[in-house]
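All residue numbers in this chain count up from 1 along the given sequence.
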Amino acid sequence: MMDTKFLNLFLKSLFLTLCFPIHVFCADTNTITSSLSITDPDFVVSSNQVFRLGFFTPENTTNRYLGIFYVVSETSVIWVANRDRPLTDSSGTVTISNDGNLVLINGRNETIWSTNATSTGTTNTTAEIQDTGNLILRENSTVIWDSFTHPTSFLVPTMRLSENVITGRRVRTSSWRSPSDPGLGNFTAGLQALNIPQIFTWHNGAPYYRSGPWNGQILIGIQDMYSPYLDGFRVVNDSGNFYFMAPPGNFLMKIDLNSSGSFVQTLWDDQRRTWDIVWVAPQTQCDVYGTCGRFGVCNPLNSPICSCLRGFEPANGDEWGRGNWSGGCVRSTQLQCDGEDADGFLTLPFMKVPDFAELYPARVEEECRIWCLRNCSCLAYSVDSNIGCMFWSEGLIDIQQFNGVGPELHIRLASSELENRIKDQKTPAANLALQSDSSAIVLKDESKNVNIEELPVFTFKTLADATNQFHDSNMLGRGGFGYVYKGKLANGRVIAVKRLSAASGQGMEEFMNEAIVISKVQHRNLVKLLGCCVEKEEKMLIYEYMPNKSLDGCLFDPTDPSQKILDWRKRFSIVEGIGRGLLYLHRDSRLKIIHRDLKPSNVLLDGDWNPKISDFGMARIFGGNQDQANTARVVGTYGYMAPEYAMEGRFSEKSDVYSFGVLMLEIGWKLWNEDNGMAFADQNIASPNVQSEIVRCIHIALLCVQEFPKDRPAVQTVLSMLSREIVDLPLPEQPIFAEKWDRSHVGSTQGTSQFGFSTNDLTITVLDGR
Ligand SMILES: *[C@@H]1O[C@H](CO)[C@@H](O)[C@H](O)[C@H]1NC(C)=O
Ligand SMILES: *[C@@H]1O[C@H](CO)[C@@H](O)[C@H](O)[C@H]1NC(C)=O
Ligand SMILES: *[C@@H]1O[C@H](CO)[C@@H](O)[C@H](O)[C@H]1NC(C)=O
Ligand SMILES: *[C@@H]1O[C@H](CO)[C@@H](O)[C@H](O)[C@H]1NC(C)=O
Ligand SMILES: *[C@@H]1O[C@H](CO)[C@@H](O)[C@H](O)[C@H]1NC(C)=O
Ligand SMILES: *[C@@H]1O[C@H](CO)[C@@H](O)[C@H](O)[C@H]1NC(C)=O
Ligand SMILES: *[C@@H]1O[C@H](CO)[C@@H](O)[C@H](O)[C@H]1NC(C)=O
Ligand SMILES: *[C@@H]1O[C@H](CO)[C@@H](O)[C@H](O)[C@H]1NC(C)=O
Ligand SMILES: *[C@@H]1O[C@H](CO)[C@@H](O)[C@H](O)[C@H]1NC(C)=O
Ligand SMILES: *[C@@H]1O[C@H](CO)[C@@H](O)[C@H](O)[C@H]1NC(C)=O
Ligand SMILES: *[C@@H]1O[C@H](CO)[C@@H](O)[C@H](O)[C@H]1NC(C)=O
């Protein structure tokens with residue numbers, strides 16, 4: 001009772017804070033003028049206090065450099081002025097010189113570094129460190145130089161990698177020489193606008209890593225860039241000036257091209273006060289450009305990782321056998337090229353498409369295929385719904401087999417090659433490294449005849465061995481349909497085995513459903529199915545093992561030690577992760593899937609706190625245009641079910657959005673509940689940024705739990721709202737009552753609470769239902 005009143009007051013105060021933002025710090029100067037210079041260790045700070053221009057010393061050296069950094073920590077450098085000419089003492093001064101440039105001079109009045117932007121004798125220039133982290137030099141009021149167009153190794157939001165195809169001007173980053181030497185290193189990174197824009201890193205000028213083409217939404221050669229909502233990067237063609245940019249974010253972010261050539265994207269964790277790595281490229285040897293040579297394909301799950309495309313063999317068998325794949329592969333049977341039946345295509349799903357794509361203006365896939373077949377120099381094609389018809393006429397290089405995401409690549413082969421291999425047309429998408437015991441089985445969905453293609457099959461014996469004969473000590477839990485065991489395969493891989501109990505009457509339908517649904521989808525935020533086993537009475541599903549438990553446990557089990565560390569930042573990223581998984585199910589996978597039973601116990605957390613949606617026993621696959629259905633059998637969990645589904649059996653993606661909304665409310669709510677009262681005392685929670693984020697999250701959640709499905713935002717929109725791509729949130733329709741919200745799921749024995757939302761004054765009131 002006290003809690004809810006406190007929450008009420010707290011939320012009101014948050015809204016006040018939001019309406020009248022208070023500047024905690026008084027603004028220092030952000031500008032250097034001819035009459036105001038700074039000398040080591042002084043600095044200037046951007047007006048929102050996020051960036052600082054000042055002096056620093058990298059690790060393991062005594063050299064001093066002028067740089068820009070995030071004020072949050074000394075290790076947050078994002079730009080260096082005198083990267084190749086260090087100061088050897090702390091006598092550096094930054095000033096406006098007589099010629100109007102911003103210059104760095106040492107104690108002997110020698111110019112160490114200059115913006116070199118003016119040559120005339122004008123003196124009316126000023127340098128300002130802006131809130132974006134850009135250092136600009138203005139003459140009168142015109143910007144004549146800025147640090148964003150002279151980057152070092154870092155990218156921050158709104159900074160651009162660019163290539164102007166008309167003027168040839170490029171903006172690229174280049175690595176440091178070593179972590180203690182910001183000097184110009186051997187790696188560069190930039191945008192290449194040739195044909196279709198791609199991001200590259202180069203090592204001494206040779207390609208080292210390639211992002212794959214930009215399709216208008218994502219870079220299709222980055223396996224974990226599922227949707228634009230992941231990170232909001234975009235590539236823009238501004239009248240021939242192509243640029244790649246991360247839009248302004250609500251978090252502190254930087255992407256470094258580090259001295260060993262890796263892109264390392266980090267986000268600031270305000271509570272732990274560390275930079276957390278969120279993305280790295282290259283991730284595996286397969287990401288390194290051309291590892292397997294021409295016509296070779298790389299799969300990090302295979303051993304060895306390189307193989308020749310079907311219909312090709314190593315150009316140099318000895319070298320290839322020795323693991324030197326650079327020579328690549330050559331065609332086994334020459335192409336015929338005469339007549340339409342002479343050659344055909346081998347289809348490879350989930351691929352990183354080769355470099356040097358060209359474009360053909362075909363409108364439909366068939367047109368692309370026919371054109372490619374007719375043009376003898378066309379060696380492969382691929383169709384992306386945004387890019388259109390891509391084709392290749394040179395040796396295919398830098399091809400990778402992805403794990404369940406990515407476009408299809410169609411390789412031209414002589415018909416004789418295809419006839420021999422017709423069975424193998426679809427190569428397994430994944431899991432080649434697993435020890436599966438036979439090729440594949442086909443399960444059929446009762447209604448739609450969906451086949452499970454290439455789902456590895458495990459024998460009963462393999463699984464019994466892996467789980468020590470299904471020993472109790474390996475039991476992870478018990479579900480509605482049987483037990484789940486932890487197991488270890490002979491190759492060391494740890495798995496989770498869901499063993500359907502023979503007694504469960506309805507189990508087979510759910511089992512098949514789950515196998516069918518989940519074998520179709522692969523996403524970082526969905527638990528991964530590795531295979532299945534159907535032997536006599538036994539039915540089992542094999543999953544990747546999740547070392548940590550469900551969100552349920554973390555959120556609601558007061559004895560769980562992880563509760564204490566589930567801070568807001570983690571909660572927020574869990575919310576986003578669940579949203580991305582849901583978006584993938586609804587939109588980005590080839591099938592449209594409604595989960596129908598989204599709740600905390602069906603969200604598992606991996607060792608890095610990444611949420612993974614699991615339990616697809618209730619999920620339904622939708623056909624092309626179908627987006628709503630009725631069911632006679634309402635399944636799901638009371639409290640998380642949308643009213644139209646619970647009452648009338650109507651479900652759509654908006655019923656999943658409802659469940660997602662309830663989940664978000666809980667995740668936010670729990671932080672304020674009695675067990676976490678401590679959280680308030682935490683300075684970080686009390687910071688206006690975090691407060692506004694929590695309130696925003698609750699506001700978005702309330703939009704999701706509106707009574708009428710049409711009023712609820714799609715998951716895509718929810719993600720845009722969370723990431724602040726959509727800034728202004730609509731008010732929920734009134735009156736809304738999340739009355740189905742079962743208090744027992746909030747981990748308290750108190751009465752029901754209701755969220756009422758008044759559209760007039762934008763306050764959330766929490767009514768005590770007792
Ligand atoms: C530094 O050099 C500039 C020109 O190079 C000169 O105008 C200025 O007087 C010098 N300052 C000092 C303190 O020597
Ligand atoms: C400025 O120009 C001088 C002479 O052209 C050159 O030596 C120096 O490297 C340039 N400095 C920068 C920071 O571009
Ligand atoms: C700034 O003003 C001065 C004096 O009015 C003028 O000579 C100069 O061209 C101006 N510079 C720019 C970049 O507009
Ligand atoms: C210098 O530029 C500012 C605008 O940035 C202008 O207001 C001021 O009048 C200029 N001063 C001179 C001496 O040109
Ligand atoms: C850069 O490459 C050159 C030539 O390969 C090499 O000699 C040099 O040591 C490399 N520098 C660094 C910092 O790795
Ligand atoms: C600095 O030197 C120490 C000791 O040699 C080493 O362990 C550390 O990795 C170095 N740090 C960097 C950034 O090079
Ligand atoms: C980029 O934009 C220019 C001008 O707006 C246009 O002519 C050109 O075709 C565009 N290029 C691509 C690859 O879209
Ligand atoms: C660059 O980043 C990669 C990936 O995080 C890391 O493995 C490597 O050690 C880093 N290199 C340096 C010199 O820090
Ligand atoms: C790898 O094989 C190629 C020929 O395919 C050869 O030219 C090259 O020297 C070999 N590289 C190494 C490191 O052995
Ligand atoms: C076939 O493709 C090549 C490579 O793009 C192109 O140069 C040639 O004009 C095409 N030929 C025909 C007949 O379209
Ligand atoms: C998962 O478990 C490991 C080992 O018990 C622990 O170190 C880690 O913090 C846990 N992570 C989560 C997300 O619970």
Side-chain angles (χ1 to χ4, degrees), residues 195-196 198 210 212-213 215 218-221 223 286 290 292-299 307-313 328-430 432 451 453-454 520 522 589-590:
N195 291 332
I196 313 169
Q198 303 186 90
R210 180 178 69 98
N215 79 352
I218 58 168
L219 291 157
I220 63 175
Q223 187 164 199
C286 284
C292 299
R294 285 151 66 99
F295 301 109
V297 57
C298 202
N299 184 339
S307 54
C308 290
L309 286 167
R310 294 278 159 75
F312 292 80
E313 57 201 40
C329 308
V330 291
R331 206 175 276 284
S332 312
T333 308
Q334 288 315 302
L335 294 173
Q336 302 300 302
C337 273
D338 52 348
E340 288 196 5
D341 294 333
D343 299 331
F345 292 99
L346 170 75
T347 297
L348 303 170
F350 309 134
M351 302 301 286
K352 176 171 183 174
V353 298
D355 197 7
F356 303 111
E358 298 169 58
L359 286 169
Y360 177 74
R363 285 174 304 272
V364 293
E365 169 149 12
E366 192 53 20
E367 200 183 331
C368 184
R369 177 191 161 86
I370 291 172
W371 180 82
C372 186
L373 204 54
R374 285 190 180 145
N375 186 334
C376 203
S377 50
C378 178
L379 302 181
Y381 76 92
S382 177
V383 176
D384 176 281
S385 53
N386 292 310
I387 298 174
C389 173
M390 289 176 277
F391 73 96
W392 288 266
S393 57
E394 296 175 51
L396 309 178
I397 187 125
D398 200 33
I399 314 176
Q400 189 180 156
Q401 172 78 65
F402 279 165
N403 193 346
V405 291
E408 286 182 341
L409 178 65
H410 309 273
I411 312 275
R412 183 192 202 111
L413 289 180
S415 297
S416 58
E417 284 286 341
L418 289 165
E419 278 151 22
N420 296 340
R421 318 260 190 171
I422 207 89
K423 294 197 302 294
D424 304 328
Q425 267 234 358
K426 297 232 170 190
T427 56
L432 296 177
N451 294 343
E453 292 159 26
E454 315 287 354
K520 297 278 173 198
Q522 298 277 351
S589 72
R590 280 196 270 174

| message | Any side-chain to backbone donor/acceptor pair from Q401 onto F350? Under 3.5 Å, distance only. | response |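 Yes: the side chain of Q401 pairs with the backbone of F350.
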| message | Tell me whether R412 contacts the main-chain N or O of L373 through its side chain, where contact means a donor paired with an acceptor under 3.5 Å. | response | yes
Working to the nearest 0.5 Å, report the span between [atom1] of [X] and [atom2] of [Y].
{"X": "F391", "Y": "L359", "atom1": "CZ", "atom2": "CG", "result": "8.0 Å"}
{"X": "E417", "Y": "S415", "atom1": "CD", "atom2": "OG", "result": "10.0 Å"}
{"X": "R310", "Y": "C329", "atom1": "CZ", "atom2": "SG", "result": "13.0 Å"}
{"X": "L409", "Y": "Q400", "atom1": "CG", "atom2": "CD", "result": "13.0 Å"}
{"X": "I411", "Y": "F312", "atom1": "CD1", "atom2": "CZ", "result": "7.0 Å"}
{"X": "L413", "Y": "D343", "atom1": "CG", "atom2": "CG", "result": "8.0 Å"}

Partner residues of [X] under the side-chain contact (heavy atoms from CB on, under 4.5 Å) criterion, sequence neighbours left out:
{"X": "N195", "value": "E358"}
{"X": "A362", "value": "Y360, E367, C368, C389"}
{"X": "C292", "value": "C298, C306"}
{"X": "R369", "value": "F345, E366, Y381"}

| field | Test side-chain contact (heavy atoms from CB on, under 4.5 Å) applied to L348 and L309, step by step | value | CA-CA 10 Å; L348 303 170; L309 286 167; 3.5 Å; yes
| With D398, which residues qualify under salt bridge (Lys or Arg N to Asp or Glu O under 4.0 Å), at least two apart? |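 Per chain and number, D398 pairs via salt bridge (Lys or Arg N to Asp or Glu O under 4.0 Å) with R210, K352.
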| request: List in chain and number order the residues that pass salt bridge (Lys or Arg N to Asp or Glu O under 4.0 Å) with E365, two or more places apart in sequence or in another chain; answer none if no residue qualifies. | output: none
Can you name the closest pair of heavy atoms from [X] and [Y] and give their distance?
{"X": "S416", "Y": "T333", "value": "OG-CG2, 3.6 Å"}
{"X": "L396", "Y": "A380", "value": "CD1-CB, 4.0 Å"}
{"X": "V353", "Y": "P407", "value": "CG1-CG, 3.8 Å"}
{"X": "S382", "Y": "H410", "value": "CA-CD2, 4.3 Å"}
{"X": "Q198", "Y": "G212", "value": "OE1-CA, 3.3 Å"}

| If you look only at pairs with a residue in residues 375-387, which of them pass as a salt bridge (Lys or Arg N to Asp or Glu O under 4.0 Å), with sequence neighbours excluded? |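 For residues 375-387: none.
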| Polar side chain donor-acceptor pair, E408 to T347, under 3.5 angstrom | no
| query | Are M351 and I399 close enough that some pair of their side-chain heavy atoms sits under 4.5 Å apart? | reply | yes
| Does the side chain of I387 come within less than 4.5 Å of I220's, by heavy atoms? |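 A side-chain contact exists here, since the closest heavy-atom pair is under 4.5 Å.
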| message | Could you walk me through whether R294 and V330 satisfy the side-chain contact (heavy atoms from CB on, under 4.5 Å) test, starting with their C-alpha distance in whole Å, then the side-chain angles of each, then the deciding distance to 0.1 Å, before giving a yes or no? | response | CA-CA 8 Å; R294 285 151 66 99; V330 291; over 6 Å; no
| task | Sequence neighbours left out, what passes side chain to side chain donor-acceptor pair (under 3.5 Å) with N386? Give chain and number order. | result |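 By the side chain to side chain donor-acceptor pair (under 3.5 Å) rule, N386 matches no residue at all.
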| task | For E394, enumerate each residue passing the side chain to side chain donor-acceptor pair (under 3.5 Å) test, keeping only those at least two apart in sequence or located in another chain. | result |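 With sequence neighbours excluded, E394 shows a side chain to side chain donor-acceptor pair (under 3.5 Å) to no residue whatsoever.
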| field | Full working for side-chain contact (heavy atoms from CB on, under 4.5 Å) between F402 and N299 | value | CA-CA 7 Å; F402 279 165; N299 184 339; over 6 Å; no
| After noting the C-alpha distance and the side-chain angles of N215 and I196, does the key distance pass the side-chain contact (heavy atoms from CB on, under 4.5 Å) rule? | CA-CA 8 Å; N215 79 352; I196 313 169; over 6 Å; no
